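Values below: all heavy atoms of this structure, side chains included; hydrogens, waters and symmetry mates excluded. Keep in mind it's a predicted model, so treat the numbers as computed, not measured.
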Amino acid sequence: MTDTTAFDWRSFLVRWSGEWADSLPDDEAQSEDDEAARQARWLGFPAASEERITAMEERLGRRMPPSYREFLKASDGWRHAGGFVWLLAGTADARWHDNESGLADLFEEYLDEDAGPEERRDADLWRRGLQLDVESDITHVLMDPEDVDETGEWAVYTWASWRASPPERHQNFLEFMQDVYREFHSLRASPSDNEPVFANDTTRKLDDQVEEARFEALRGNWEEAVRALDEAKEYGRPRAGGLGDQIRRLLGQTYMVYFDGLVTDPLYAPELLPPLVAEHAAHSYRDDSTLTFHLRGADDDLVALAYSTLAQVRSGTYRYTATGPFGEAVGQARELARWGDTDGAWRTLHDALPLWEPLGPDQLAPIGWLADPLLGPLLTPARGRELLSTPRGGQAGEALSPAVGLDPGGLAWLAEPDPGNNRTSYRFLLVEGVEPEDLPGRLGDGDNTVLNEPMTYWEARRRSLQSKQEFSSCDDRALMAVGRAGSGWSFAFDGDPAPFGRQRFVSPAAGASTGTRAVVVWCGLRKWHGEPFFHLSVARDGVEQYAFTYADGGVLQSGAIPPALTPSRFFGDLEDPVEVERALLDAVGGEFSAHLPRHAIVNGRLHSFATRSWTRPPRDGETYGVIRLYSSVPHSAGSERTGDDGAETR
């Protein structure tokens, strides 16, 4: 904690006054008081004596907090406390606010019956606070005699209606004054045409600090760098915000991250513009009126680039590229990610980072890959820290090894509850010795079945439903994401399958196993509605070798089932369906040495395609429902019958 009584107020106020005086244009008329302050290079007043301070305390009935007392001993009041308080109270002008502004009533109007003590205290501040603003731009400065720390310091609150935010709290008067000093610097940091260049010992020291922070960031010392950059940003130093935002974005932070001063530079725009545009696309809901708000000063070419990048991001076609060896690694990482090996993709990027070269001195790390639909999902806060801790851009340092991957291996992770507990039923198929792009030929609904571009499962599902005009209860064409399932296996996965119907179900294992081996699993042991079920079937060279189905409390099985997969090992009881499911998945994964990539399936983007139906055609007498959509009417629905004897309705 800062020792407020040991602070050198005089030196601080003298430095502030001199910097303020030097920032004023010589040919601009000032008020009489301001001109006198400029000539004297002093924004303050004569120091208050102890007697004068004591008299004020007797008038107010309270002893003043230590930092305010020490300030008064250096200057009995202050002009231009930041940009919006023109005169700050000394011993003569400090007074109890006593709801003079009526703001207590206003704040209380917004309190509801559930308001906590903090909210009620904020509302009552306007009755008990000591007012320090004498002249201001509708900006209130109040010290709170009931918000006191162990050293006797009172918290200071500032509030202005035009800021549209709650009162801002400062720990004590010293912190308040340091904050408005930084505000003064920030407002002067970008002088207009008629103002002198704002340069002084403080700005030069901070600019040197920014430059050293840049090197520290490239060496991997990002925590030290971000502290230095954030301090310089509070003073409005150029470059500090744009550099610090690169670090924050790689830590997964997006709020108020705009790469100020760099994103509109044509040199850096190819790297910094895509993630900014992607963040806009994620929250704009097609309202693009704010896209260029943070591109002020950009030329027409850069604005055009922003809109073309936005179109690519929305369509999922944006592709991040880079030059040199790191660029080659980017291509390799994309190839790994699109088939589900996100851990391998991240290792590829991470290992190539020391070879990365910045576009210019103010780029701290590769950033554009965050907007790539395949590479962007690789980022986690831990991985962001790994990247930032890796020396790069020609700087030396000790590189960190990648942390443990996000994919646990095996299949048992499917038994773990997902957010919202939505994954209560799923199905997947494993095919040995074939590439994922060959799966449509083995499972596809017709000879022309092709893989969709990589997208999330829900994006793929929404797109497939947009073009679908007929829905039939007898038809179960699965939309499945595909990828690699370990050494020698490919997978097709459906995380939201249709209801399981044992009477009509036809395993696709035999059809997919021509010249190889295929495994089908369909699990619904944790279903909220309906009876739990589990199916496993294994085929080789077009012939089913063995299978079992647990449903309706019993097991139907066929073929020579390996001992590790014998149903009796698992279905003694279902008191703990999660444990049964986990044991089954462990057994299947162990038997075939295959796994499914959790991160790619849950958070990534994968190719997908529609399989042929997992149900047999209806037999004579079986009834099924059909819904057809027409352009002229919302929909029509009906049923079709294939015979007269017997009926089954779904």
Below 4.0 angstrom, N of the basic side chain to O of the carboxylate: do [X] and [Y] qualify?
X	Y	answer
Arg227	Glu224	no
Arg319	Glu453	yes
Glu459	Arg605	yes

If we ignore hydrogens and angles and just use 3.5 Å, is the side chain of [X] paired with the main-chain N or O of [Y] as donor and acceptor?
X	Y	answer
Asp260	Gly242	no
Gln363	Ala365	yes
Glu271	Ile367	yes
Arg569	Ala564	yes
Arg248	Val226	no
Glu279	Pro275	no
Ser513	Gly542	yes
Arg526	Ser425	no
Ser389	Glu386	no

Looking at [X] and [Y], what are the two nearest heavy atoms and their distance?
X	Y	result
Pro377	Asp372	CD-O, 3.9 Å
Ser537	Ala509	OG-CB, 4.0 Å
Ala337	Leu606	O-CD2, 4.1 Å
Pro508	Leu443	CB-CD2, 3.8 Å
Leu262	Gln246	CD1-NE2, 3.5 Å
Arg582	Ala412	CG-CB, 3.8 Å

Does the side chain of [X] pick up a donor-acceptor pair with the side chain of [Y] at under 3.5 Å?
X	Y	result
Thr615	Asp476	no
Asp288	His280	yes
Asp494	Tyr457	yes
His599	Thr342	no
Thr348	His350	no

[Y] side chain reached by [X] side chain, heavy atoms, under 4.5 Å:
X	Y	value
Arg314	Ser284	yes
Leu243	Asp362	yes
Trp458	Asp496	yes
Ser490	Trp339	no
Asn452	Leu479	yes
Arg517	Phe592	yes
Val580	Asp576	no
Val482	Glu437	no

From [X] [atom1] over to [Y] [atom2], what is the distance, rounded to the nearest 0.5 angstrom?
X	Y	atom1	atom2	result
Asp407	Leu596	CG	CG	9.5 Å
Arg383	Leu251	CZ	CG	15.0 Å
Ile247	Arg249	CD1	CZ	14.0 Å
Leu364	Leu388	CG	CG	8.5 Å
Ile561	Glu591	CD1	CD	11.0 Å
Leu375	Tyr320	CG	OH	9.0 Å

side-chain contact (heavy atoms from CB on, under 4.5 Å) between Val521 and Leu430: does it pass, once the steps are laid out? CA-CA 9 Å; Val521 170; Leu430 305 171; over 6 Å; no
Aromatic rings Phe548 and Phe534: how do their planes relate, parallel, tilted or perpendicular, breaks at 30° and 60°? parallel
Residue Gln395 excluded, over 12 heavy atoms near CD under 6.0 Å: yes
Arg427 to Trp614 six-membered ring, cation-pi geometry met (6.0 Å, 45°): yes
Could you give me the CA-CA distance, side-chain angles and deciding distance for Arg502 and Asp552, then say whether side-chain contact (heavy atoms from CB on, under 4.5 Å) is met? CA-CA 10 Å; Arg502 185 173 60 179; Asp552 300 324; 3.3 Å; yes
Partner of Phe533 by ring pair (Phe, Tyr, Trp, His ring centres under 6.0 Å), out of Phe505, Phe500, Tyr426: Phe500
Please lay out, stage by stage, how Thr514 and Thr516 fare under the test side-chain contact (heavy atoms from CB on, under 4.5 Å). CA-CA 5 Å; Thr514 303; Thr516 184; over 6 Å; no
What verdict does the salt bridge (charged side-chain N to carboxylate O under 4.0 Å, His left out) test give for Arg385 and Glu223, after you've listed the backbone C-alpha separation in whole Å, the side-chain angles of each residue and the deciding distance to 0.1 Å? CA-CA 9 Å; Arg385 292 190 290 271; Glu223 290 174 295; over 6 Å; no
Criterion ring pair (Phe, Tyr, Trp, His ring centres under 6.0 Å) on Tyr550 and Phe571, from CA distance to verdict: CA-CA 8 Å; Tyr550 170 83; Phe571 296 109; 4.3 Å; yes
Stepwise side-chain contact (heavy atoms from CB on, under 4.5 Å) check, Tyr258 with Val263: CA-CA 8 Å; Tyr258 305 124; Val263 72; over 6 Å; no
Verdict with reasoning, Phe428 to Trp522, per ring pair (Phe, Tyr, Trp, His ring centres under 6.0 Å): CA-CA 7 Å; Phe428 60 86; Trp522 193 340; over 10 Å; no
